[in-house]
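Each chain gets a letter, A, B and so on, in the order its sequence line appears, and its residues count up from 1.
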Amino acid sequence: MQLDFSFIGTALLSLFKALPNTLLITAVSVLVGFLIGTAVALIRIYRVPVLHPIASGYVLFVRGTPMLMHLLLIYFGLPMLIDSIAGALGWGFRSTAIPLIGFVYISFSITAGAYMSEVVRAGITAVNRGQLEAAYSIGMTTPQALRRIVMPQALAVSLPNLSNNLIGMLHGSTLAFTVSVVEINAQAQIVAASNWKFLEAYIAAALLFWGMTILIERGTALLERRINNYNRGGVA
Amino acid sequence: MIKLSRISKSFGKNQVLKDITLSVEKGEVVVILGPSGSGKTTLLRCLNYLERPNDGTIAIGDYTVDCKHAGKKDIHQLRQKSAMVFQHYNLFKHKTALENVMEGLVIVQKLPKEEARKRSVEVLEKVGLGAKLDAYPSQLSGGQQQRVGIARALALNPEVILFDEPTSALDPELVGEVLDVIRKIANEGITMIVVTHEMSFAREVSNHVVFMDGGVIVEEGKPNELFGAPKEERTKQFLKRITSDWVYNI
């Protein structure tokens, strides 16, 4: 058996069809995950009553179970839950109306949220307590101080880890093929199955992921340099 | 103008402030002295609620807070009456000198940006940093950073400025430039409460000296009285130990 180099190119071209799905899954899960993560981090740092143990339990469970399991639990569990609630309340809504990719968005956002909450939490704790005190001393409220003073610095600190998470979610998005959402991995399988050139198709998929990852890394490096402008140091 | 009455503060079992009562008149420059652990910094931080007193009342200007029942609103109101200069400057690291000073004016006092900018530039010029408006804290020396810190407090035009050991973290060479600025604004009649170890500065600038030890005010009075003829034994001991340095320096 020989490697068919030209088919790698052919496969690569057809993989671009599935690129939007991969990008959407990654973008939605990372953005929603970031919002969840920030909320969870703040809840845990400020030990908000009632919510605090829930948030800790969430992080503990999600980080303690594989991402594929979250997807399967949501995929099989959520429709049952929705249908029984809708049935009990007499709504006409059925879970079959939800597109499959919707379950992917939900479950991957939950996954990303737990991991990102730890990144954001570490970032916030890394900001010197004096920054918050200074904000209070000029009369800011806690939300003002968090938004204007603490979070910008916390994000600058967390940027490398957030970009790690982004790459992780990009690669993790391949799991969506298990619930028959056609992203790059699934598309590679489809292309390969038509003429049994699996290795070539997967090599093409790997190249595509690698390319995107390099772009993310470059982007982060640029952003990091821009944001950390203020840390340049050197007494002027 | 500022009235603290029966302020108490404990950290766990350790009572740091015991029933402190203190009045400060408008325009007074109050210096708080005392050995470390005497509670002087804690007292200062209680004034803007960076530490939460367990008991007592704090009145600044026309605003009074009962510490036992103080809510978020009270604390927020009280904090707007004062401004603080920190030992470690605590400038907002991600903002330039100008932005540091503008922040409170725009976000807290809701001044229009142009007006805030104008006032901030004025104040920064007053502390001698007119040429460093766009420098980030990391690009400034300790003395310059502390002067930005003073400008940030001054710009807010608060009822009182609280100084928490403003020169303790500075190189000896840079202490002078910061003290000069503080002296300058003291002469403008701004009410200040200063925790410091700079004895000669305290003596020269202040018009009300408070000596604390073990969480109580041991003695207070005019600088001449307190430095020249302290009444309490503990005060005498402290001043002797602190000021004896200069004998060797000659």
Side-chain angles (χ1 to χ4, degrees), chain A residues 38 41-43 45-51 119-120 122-162 220 222-236, chain B residues 44-45 47-51 72-73 75-97 99-110 131-132 134-145 148-149 152-156 158 161-162 164 174:
Chain A
T38 308
L42 289 173
I43 287 169
I45 287 173
Y46 283 95
R47 307 191 149 268
V48 178
V50 188
L51 293 178
V119 172
V120 175
I124 294 176
T125 7
V127 176
N128 194 320
R129 164 110 198 136
Q131 297 285 312
L132 189 63
E133 290 188 348
Y136 284 150
S137 81
I138 61 170
M140 283 190 181
T141 60
T142 307
Q144 283 172 338
L146 284 176
R147 202 176 63 241
R148 306 269 322 167
I149 308 300
V150 177
M151 284 314 279
Q153 294 183 43
L155 289 186
V157 178
S158 334
L159 202 61
N161 284 325
L162 288 176
T220 315
L222 276 179
L223 203 62
E224 219 174 308
R225 213 169 316 150
R226 235 185 96 80
I227 289 187
N228 281 319
N229 216 342
Y230 60 80
N231 277 334
R232 264 177 317 203
V235 172
Chain B
L44 201 68
R45 288 164 60 86
L47 267 162
N48 61 357
Y49 252 83
L50 290 183
E51 302 291 353
K72 264 188 193 160
K73 262 224 164 93
I75 296 171
H76 183 56
Q77 289 290 329
L78 188 74
R79 281 182 180 151
Q80 293 190 33
K81 300 280 177 192
S82 64
M84 187 174 244
V85 175
F86 295 87
Q87 182 177 2
H88 297 287
Y89 334 131
N90 294 358
L91 296 183
F92 303 131
K93 269 174 53 180
H94 59 310
K95 294 186 180 292
T96 62
E99 287 166 346
N100 261 280
V101 181
M102 280 175 69
E103 187 71 10
L105 295 175
V106 175
I107 301 301
V108 180
Q109 302 191 348
K110 313 279 184 211
K132 295 283 180 194
D134 296 321
Y136 284 99
S138 62
Q139 298 167 311
L140 297 172
S141 72
Q144 289 169 333
Q145 288 189 55
V148 175
R152 178 172 68 182
L154 198 57
L156 295 167
I161 300 182
L162 312 169
D164 183 11
L174 303 176

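For a residue to count as touching a neighbouring chain, one of its non-hydrogen atoms must lie under 4.5 Å from one of that chain's; by this rule K81(B) does not touch chain A. Contacts between H94(B) and chain A at a heavy-atom distance below 4.5 Å involve backbone atoms as well as side-chain atoms. Interface residue F92(B): backbone and side-chain heavy atoms are both found under 4.5 Å from chain A. Contact annotation for L50(B): only side-chain heavy atoms (C-beta onward) come within less than 4.5 Å of a heavy atom of chain A.
Ranked by heavy-atom pairs under 4.5 Å with chain A, the first of I107(B), L105(B), N48(B) is I107(B).
Here the straight-line distance linking atom OG of S137(A) with atom CG of L47(B) works out to 12.5 Å at 0.5 Å rounding.
Under the side chain to side chain contact (heavy atoms under 4.5 Å, CB included) criterion, P137(B) pairs with L91(B), N100(B), Q145(B), not counting sequence neighbours. Partners of T125(A) by side chain to side chain contact (heavy atoms under 4.5 Å, CB included), not counting sequence neighbours: none found.
Checked by atom type and distance alone, the side chain of H76(B) never pairs as donor or acceptor with a backbone atom of T142(A) at under 3.5 Å.
Partner I138(A) forms a side chain to side chain contact (heavy atoms under 4.5 Å, CB included) with one of E103(B), M84(B), Q109(B) and no other, that one being E103(B).
Within residues 126-135 of chain A, the residues that have a heavy atom under 4.5 Å from a heavy atom of chain B are G130(A), Q131(A), E133(A), A134(A), A135(A), listed by number.
Within the structure, no pair that satisfies the salt bridge (Lys or Arg N to Asp or Glu O under 4.0 Å) test touches residues 135-147 of chain A, not counting sequence neighbours.
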